[in-house]
Amino acid sequence: MTSDFRTIGVAIGPKRLEGSLFLPQEPRGLIIFAHGSGSSRFSPRNRYVAERLVAQGFACLLYDLLTAEEGEYRRNVFDIPLLGARVVEAIAWAGVESDASGLSIGLFGASTGAAAALTAAADEPSVAAVVSRGGRPDLAGDALRRVKAPTLLIVGGLDYGVIELNRSAQQLLGCRNRLDIVPGATHLFEEPGTLESVVERATEWFTQYLGAVCD
């Protein structure tokens with residue numbers, strides 16, 4: 001992370017989900033991350049994206065959607081209604097937490113976390129924008145029709161199958177949306193320069209919908 005920020009350990013909701021809130025000076029919005037199956041708040045890819053967003057003036061919240069005990073049961077990892085409810089808990093927490101309250105809310109979801117983010121956005125009108133990285137938005141099902149927040153779907157050009165699933169999900173979105181395909185990228189965006197491309201696209205989207213560009 002950049003040096004010009006504060007890190008606050010947090011516990012969210014009745015389950016006391018563990019997380020970290022990264023606060024730059026005068027944040028222009030708060031981006032809540034929803035990680036994918038088998039991942040956590042320590043995901044190196046999500047932390048890289050968060051680092052770059054913090055450098056652009058956005059606060060970022062990375063947290064575990066499941067407790068350690070819950071994560072042992074694979075059915076929980078793919079329980080989109082449960083995960084979506086946990087994202088809603090984080091949004092509610094952010095609304096009353098003194099250092100993050102009052103900020104515009106954006107959601108960044110990866111893999112199955114994208115479905116959780118979109119499910120939460122369908123129920124929370126306070127969400128101003130959603131970005132999906134290599135996501136499975138199709139798993140959000142009928143909730144896609146109720147999403148009002150502008151949504152950016154980012155998929156790797158070599159992530160065959162997932163591209164088609166994103167296109168199908170896009171047809172159900174009634175909100176402003178866009179599908180961006182990153183050339184040469186596979187599902188995890190491990191190829192040189194591809195994750196940087198994700199950051200650039202996400203930064204542009206959040207800048208447009210969460211607040212004005214900083215001077």
Side-chain angles (χ1 to χ4, degrees), residues 10-13 15 17-22 29-54 58-67 70-71 76-95 97 100 103-124 126-141 143-144 146-155 162 165-166 169 173 175 177 187-189 195 198-199 201-202 205-206 209-210:
V10 300
I12 299 168
K15 293 287 187 178
L17 303 170
E18 296 184 9
S20 298
L21 175 65
F22 302 98
L30 171 64
I31 301 169
I32 299 174
F33 282 68
H35 59 77
S37 58
S39 190
S40 71
R41 69 186 186 280
F42 299 116
S43 162
R45 283 171 290 277
N46 279 349
R47 290 183 72 86
Y48 174 80
V49 174
E51 174 183 343
R52 299 300 302 274
L53 289 171
V54 170
F58 294 103
C60 289
L61 172 63
L62 287 82
Y63 73 110
D64 294 336
L65 275 68
L66 299 171
T67 65
E70 289 172 333
N76 290 331
V77 174
F78 294 96
D79 188 337
I80 302 303
L82 171 62
L83 300 179
R86 295 293 168 81
V87 177
V88 170
E89 286 180 9
I91 294 170
W93 173 88
E97 204 284 328
L103 297 177
S104 297
I105 299 291
L107 303 179
F108 185 97
S111 191
T112 52
L118 287 163
T119 298
D123 295 327
E124 282 293 329
S126 61
V127 175
V130 180
V131 173
S132 163
R133 171 183 66 81
R136 289 291 309 277
D138 55 294
L139 296 177
L144 292 170
R146 296 186 285 109
V147 176
K148 301 300 182 184
T151 298
L152 174 64
L153 307 174
I154 306 174
V155 187
V162 174
L165 292 171
N166 273 257
L173 288 169
C175 58
N177 63 82
H187 186 63
L188 295 179
F189 295 88
L195 194 55
V198 170
V199 170
R201 296 162 196 259
W205 198 259
F206 286 131
Y209 295 108
L210 263 65

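Side-chain atoms are counted along with the backbone in the values below, which use heavy atoms only and exclude waters and symmetry mates.
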I need the minimum non-hydrogen distance between [X] and [Y], along with the two atoms involved.
| X | Y | result |
| --- | --- | --- |
| Y63 | V87 | OH-CA, 3.2 Å |
| G135 | A114 | CA-CB, 3.7 Å |
| V130 | W205 | O-NE1, 3.6 Å |
| L65 | A116 | CD2-CB, 4.3 Å |
| A143 | A122 | O-CB, 3.4 Å |

**Option among I32, L21, L61 that satisfies the side-chain contact (heavy atoms from CB on, under 4.5 Å) test with I12** =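 The single option meeting the side-chain contact (heavy atoms from CB on, under 4.5 Å) with I12 is L61.
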Sequence-distant partners of [X], side-chain contact (heavy atoms from CB on, under 4.5 Å), two or more places apart:
| X | answer |
| --- | --- |
| A115 | I80, L139, A140 |
| L188 | R45, E190 |
| D123 | R146 |
| T67 | K15, L17, E69, E70 |

**Request:** Identify, with sequence neighbours excluded, every residue that meets salt bridge (charged side-chain N to carboxylate O under 4.0 Å, His left out) alongside D79.
**Result:**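 Partners of D79 by the salt bridge (charged side-chain N to carboxylate O under 4.0 Å, His left out) criterion come out as none, since no residue qualifies.
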[atom1]-[atom2] distance between [X] and [Y], expressed to the nearest 0.5 angstrom:
| X | Y | atom1 | atom2 | result |
| --- | --- | --- | --- | --- |
| L83 | F78 | CG | CZ | 9.5 Å |
| L30 | L53 | CG | CG | 11.0 Å |
| R52 | C60 | CZ | SG | 12.0 Å |
| I105 | F206 | CD1 | CZ | 10.5 Å |
| E124 | I91 | CD | CD1 | 5.0 Å |
| I31 | F22 | CD1 | CZ | 13.0 Å |

**Message:** Run the ring-ring contact (aromatic ring centres under 6.0 Å, His included) test against W93 and tell me which residues pass, sequence neighbours left out.
**Reply:**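 Result, ring-ring contact (aromatic ring centres under 6.0 Å, His included) vs W93: none returned.
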